[in-house]
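The block underneath contains the structure these notes are about, expressed in structure tokens.
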Amino acid sequence: MATRGRTTTVKTTTKNGKKPAAKAATKPAAKATKPAAKATAPAVKASGASDKSATKAAAKLEDKASAKSARKTKAKSGKKSALMLSMLKPSVNNMSVRVFARAAGLDHSETDVWGHTRSPEYMARNPAHLTPMIEDKGLPRGVLWESCAIMQYLANKDGLEKLYPKAPAKRAMIDSAMFYLIGTLYPYVARATYPALNFPQYAGEVGHSDAHPDKKAEVQKAAIAAIAEPLEVFHSFFRNGKPFIGGKNPSIADIRLAATLEFLAAVDYALPQWAKEYMAAIEKKLGKAYAEPAADVRGYIAYVKSQAGA
């Protein structure tokens, strides 16, 4: 793969469409109200009959100026913090945070650390040598890894309730879906797809042992078969008739699930129709925020398949 053995840096700044509009609207409007407010004073003195209309006009202008000023203040206070993200492009774990950062409109830089996660410099910051990893001065140790923890932290920090609701019951369902994915679905997906993706498998498992290739293939098939049950749980329990786990809009749990399902293309897994429609709906809803990181994962899968068939 082209990125193996070297580090590349991609700076990505995702603009929030509302901010420029807020700035453009507030500054001229605030200035425009001053002469208008002064213009009403002579009118009030000149004619008693026009007192009420002039007062209403002045009040209306003042209300508008106050509202715009409030929006401007809110826009400034809601400014997202820049952060550094170390990631691996072919990984769906990393894809989750890459999608999230774009969907949230976070100003961030990405560094592809393929082949460098065991370097002394990287391990000095991250002894677990894992990705994705963010660097943020507000963190106790300056760094944070694990995709779900990263998304939770950033959503909490920047008040991204649309992606991670604050209401305890709704948040509990998002958390439960993510933990169920990490603890149950993803291990099956890893056992099913890692051999095809040429990813190292977990120590202690058959795929990592010196077992006969037939035995390894048998275990891989068992993992593929086991995926159907937790997948149905996401459909019938966590979505429960809703477009997404998060309701009308994708949540961080939806981003994590959709990214995970991308890997199943490596083994040509026959996704149920609802899952195909679900993934398509998330990509449509998030647009480039989803499509760009997904393209890296899909590109790697296509590359591996082409090499296997060569």
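Reckoned from all heavy atoms, side chains included, excluding hydrogens, waters and symmetry mates. By convention here, the first residue in the shown sequence is residue 1.
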Considering only NZ, NE, NH1 and NH2 on the basic side and carboxylate oxygens on the acidic side, decide whether [X] and [Y] come within less than 4.0 Å.
X: Asp136; Y: Lys157; answer: yes
X: Glu283; Y: Arg298; answer: yes
X: Asp268; Y: Lys305; answer: yes

Minimal non-hydrogen separation, [X] against [Y], with atom names:
X: Val297; Y: Pro90; answer: CG2-O, 3.9 Å
X: Val267; Y: Ala192; answer: CG1-O, 3.2 Å
X: Ser147; Y: Arg256; answer: OG-NE, 3.1 Å
X: Ala190; Y: Tyr202; answer: CB-CE1, 4.0 Å
X: Ala196; Y: Val304; answer: O-CG1, 2.9 Å
X: Pro230; Y: Ala226; answer: CD-O, 3.0 Å

Checklist line | Glu229 CD: over 12 foreign heavy atoms closer than 6.0 Å | finding: no
Notebook entry, point to check: Just wondering, are more than 12 heavy atoms of other shown residues or ligands nearer than 6.0 Å to NZ in Lys242?
Noted result: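 Yes, NZ of Lys242 has more than 12 neighbouring heavy atoms, counting only those of other groups under 6.0 Å.
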Check: Yes or no on side chain to side chain contact (heavy atoms under 4.5 Å, CB included) for Ile227 and Leu185, after CA distance, side-chain angles and deciding distance?
Finding: CA-CA 6 Å; Ile227 289 170; Leu185 176 61; 4.0 Å; yes
Next item on the list: Say whether Asn94 and Thr131, considering side chains only, have a donor N or O and an acceptor N or O under 3.5 Å apart.
Entry: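 Thr131 and Asn94 do have a side-chain donor-acceptor pair below 3.5 Å.
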Would you mind reporting whether [Y] and [X] have side-chain heavy atoms less than 4.5 Å apart?
X: Tyr300; Y: Asp296; value: no
X: Met279; Y: Leu257; value: no
X: Met87; Y: Trp114; value: no
X: Met133; Y: Glu135; value: yes
X: Thr260; Y: Asn93; value: no
X: Leu88; Y: Val113; value: yes
X: Phe234; Y: Leu181; value: yes
X: Leu83; Y: Asp107; value: no

How long is the span from the [atom1] atom in [X] to the [atom2] atom in [Y], to the nearest 0.5 Å?
X: Ser251; Y: Phe100; atom1: OG; atom2: CZ; value: 11.0 Å
X: Phe237; Y: Ile245; atom1: CZ; atom2: CD1; value: 11.0 Å
X: Leu286; Y: Glu292; atom1: CG; atom2: CD; value: 12.0 Å
X: Ile252; Y: Asp175; atom1: CD1; atom2: CG; value: 6.5 Å
X: Ser306; Y: Ile301; atom1: OG; atom2: CD1; value: 12.0 Å
X: Met123; Y: Leu130; atom1: CE; atom2: CG; value: 9.5 Å

Note to self: Against Val206, only a single residue in Lys216, His212, Gln201 fulfils side chain to side chain contact (heavy atoms under 4.5 Å, CB included); can you say which?
What the structure shows: Lys216
Item checked: Glu218 and Lys215: CA distance, side-chain angles, deciding distance, side chain to side chain contact (heavy atoms under 4.5 Å, CB included) verdict -> CA-CA 5 Å; Glu218 183 183 331; Lys215 183 62 178 177; 3.9 Å; yes
When you measure from the side chain of [X] to the backbone of [Y], do you find a donor-acceptor pair of N or O atoms at a distance under 3.5 Å?
X: Arg98; Y: Arg102; result: no
X: Ser176; Y: Ala172; result: no
X: Asp254; Y: Ile282; result: no
X: Asn126; Y: Ala128; result: yes

Check: With a cut-off of under 6.0 Å to the ring centre and 45° to the axis, is Arg171 in cation-pi contact with Tyr164?
Finding: yes
Next item on the list: Give the C-alpha distance, both sets of side-chain angles, the deciding distance and a yes or no for side chain to side chain contact (heavy atoms under 4.5 Å, CB included) between Met84 and His108.
Entry: CA-CA 6 Å; Met84 296 172 63; His108 70 289; over 6 Å; no
Next item on the list: Would you check, one step at a time, whether the test side chain to side chain contact (heavy atoms under 4.5 Å, CB included) holds for Thr193 with Tyr269?
Entry: CA-CA 10 Å; Thr193 63; Tyr269 185 86; over 6 Å; no
Notebook entry, point to check: Which of parallel (below 30°), tilted (30 to 60°) and perpendicular (above 60°) describes Phe263 and Tyr194?
Noted result: perpendicular
Notebook entry, point to check: Linking I/L/V/M/F/W/Y whenever their side-chain heavy atoms sit closer than 4.5 Å, directly or via other members, would Leu261 and Phe238 fall into one cluster?
Noted result: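 Yes, Leu261 connects to Phe238 through the hydrophobic network.
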Margin query: Quick check: Tyr180 with Tyr186 (ring centres under 6.0 Å apart)?
Written below: no
